[in-house]
There are 2 protein chains.
Amino acid sequence: MDALLLSVLEAEPLHGYAIIEALQARSGGVLNVPTGTVYPALRRLEQAGYLASEWATVGGRKRRTYRLTSAGRTALAGERSAWREFATTIASVLEPRTAE
Amino acid sequence: MDALLLSVLEAEPLHGYAIIEALQARSGGVLNVPTGTVYPALRRLEQAGYLASEWATVGGRKRRTYRLTSAGRTALAGERSAWREFATTIASVLEPRTAE
DNA sequence: GCCTATCTATAGACACTCTACATGTAGAAC
DNA sequence: GTTCTACATGTAGAGTGTCTATAGATAGGC
């Protein structure tokens, strides 16, 4: 989850609601992450120093916009390589061997 | 986890300890799954009807050997496709360029 | 006798996700 | 003018599963 959030915030800062929409869009509509997952996760990541937030009012609605910090960029790089390693490991167990 | 267990039991029945070693071997030593994870998981899978077990005594030591049931084979196929879909989805968010 | 490897198993802590709830604005539909 | 949908944030509590730590037991090497 953390990696996904950091990833959608890589290109541009977004607020919570937009992040959820971005996740859906990027995954082709598959990912449907509930607010009860996203908002606490964003706070956790801010607490960890990977994100920074600012309040803004757009069209009478208040938004909390999150952006990646430099520590967040480093963390994202780590999450990416961790994911690749993880995916490779799982695949090595799960997928039948073709070259044995 | 469930998928990994079903997968190592696909070719041949194994007992818990051997399953842990098989997971390590297949993953190139990366996966180090503790017994506190494996044994409850095996019971859960047996409860679900995906595995069946038999006790055997080999060299004075008691072993509980698990084997895949036909329902387990079906479940494994489902887990495999679920994993592929999941991995594709995560990758599409994490690495947008590769999944366009 | 002691240590390591083999073998199974449980209890409790820990972390995270999900459901459901709680609150409020803006604009379109009727 | 009221109702519905979309926008927008947030918390509480349940549920699930993994990990750490612990426990007991046999076999074989030193």
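Keep in mind that this is a model prediction, so the values were computed, not measured. We name chains A, B, ... by the order of the sequence lines, and we start the count at 1 in each one.
At a threshold of 4.0 Å, the pair B/Glu95-A/Arg84 counts as salt-bridged, since one of the basic side-chain nitrogens sits closer than that to a carboxylate oxygen.
In this structure, B/Gly60 reaches the sugar-phosphate backbone alone: every heavy-atom distance under 4.0 Å involves primed, P, OP1 or OP2 atoms, never a base.
Summarising the geometry, the separation between OH on B/Tyr66 and P on C/dC7 is reported as 14 Å, rounded to the nearest angstrom. Distance OH (B/Tyr39) to P (D/dG24): 17 Å, rounded to an integer number of Å. As rounded to whole Å, 18 Å separates atom P of C/dG24 from atom CZ of A/Arg64. For B/Leu42 and C/dC7, the CG to P distance is 14 Å, given to the nearest whole Å. Rounding to whole angstrom units, NZ of residue B/Lys62 and P of D/dA27 are separated by 11 Å. Rounded to a whole Å, the CG atom of B/Leu51 is 14 Å from the P atom of C/dT8. Rounded to whole angstrom, the span from the CD atom of A/Gln24 across to the C1' atom of D/dA6 amounts to 13 Å. If you take OH of A/Tyr17 and P of C/dT25, they are 17 Å apart, rounded to a whole angstrom.
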Criterion side-chain contact (heavy atoms from CB on, under 4.5 Å) on B/Leu4 and B/Val33, from CA distance to verdict: CA-CA 11 Å; B/Leu4 299 180; B/Val33 193; 5.8 Å; no

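In terms of phosphate contacts, A/Arg61 brings no side-chain nitrogen or oxygen within less than 4.0 Å of OP1 or OP2 of D/dA6. Distances shorter than 4.0 Å separate some side-chain N or O of B/Arg44 from OP1 or OP2 on D/dT18.
Between B/Tyr17 and B/His15, the ring-plane angle classifies as parallel under the 30° and 60° cut-offs.
Which of D/dA8, D/dG10, D/dT20 sits closest to the side chain of A/Thr35 comes down to D/dG10. Nearest to the side chain of A/His15, among D/dA8, C/dC18, D/dT18, sits D/dA8. For A/Arg43, counting side-chain heavy atoms from C-beta on, the closest listed nucleotide (D/dA8, D/dG17, D/dG10) is D/dG10.
Side-chain atoms of B/Trp83 and A/Ile90, non-hydrogen and from C-beta on, do get closer than 4.5 Å to each other.
Between the side chains of B/Ser53 and B/Glu46, at least one donor N or O sits under 3.5 Å from an acceptor N or O.
Each of B/Ile20 and A/Asn32 was assigned the nucleotide of DNA chain C with the nearest heavy atom; the assignment lying further toward the 5' end belongs to B/Ile20.
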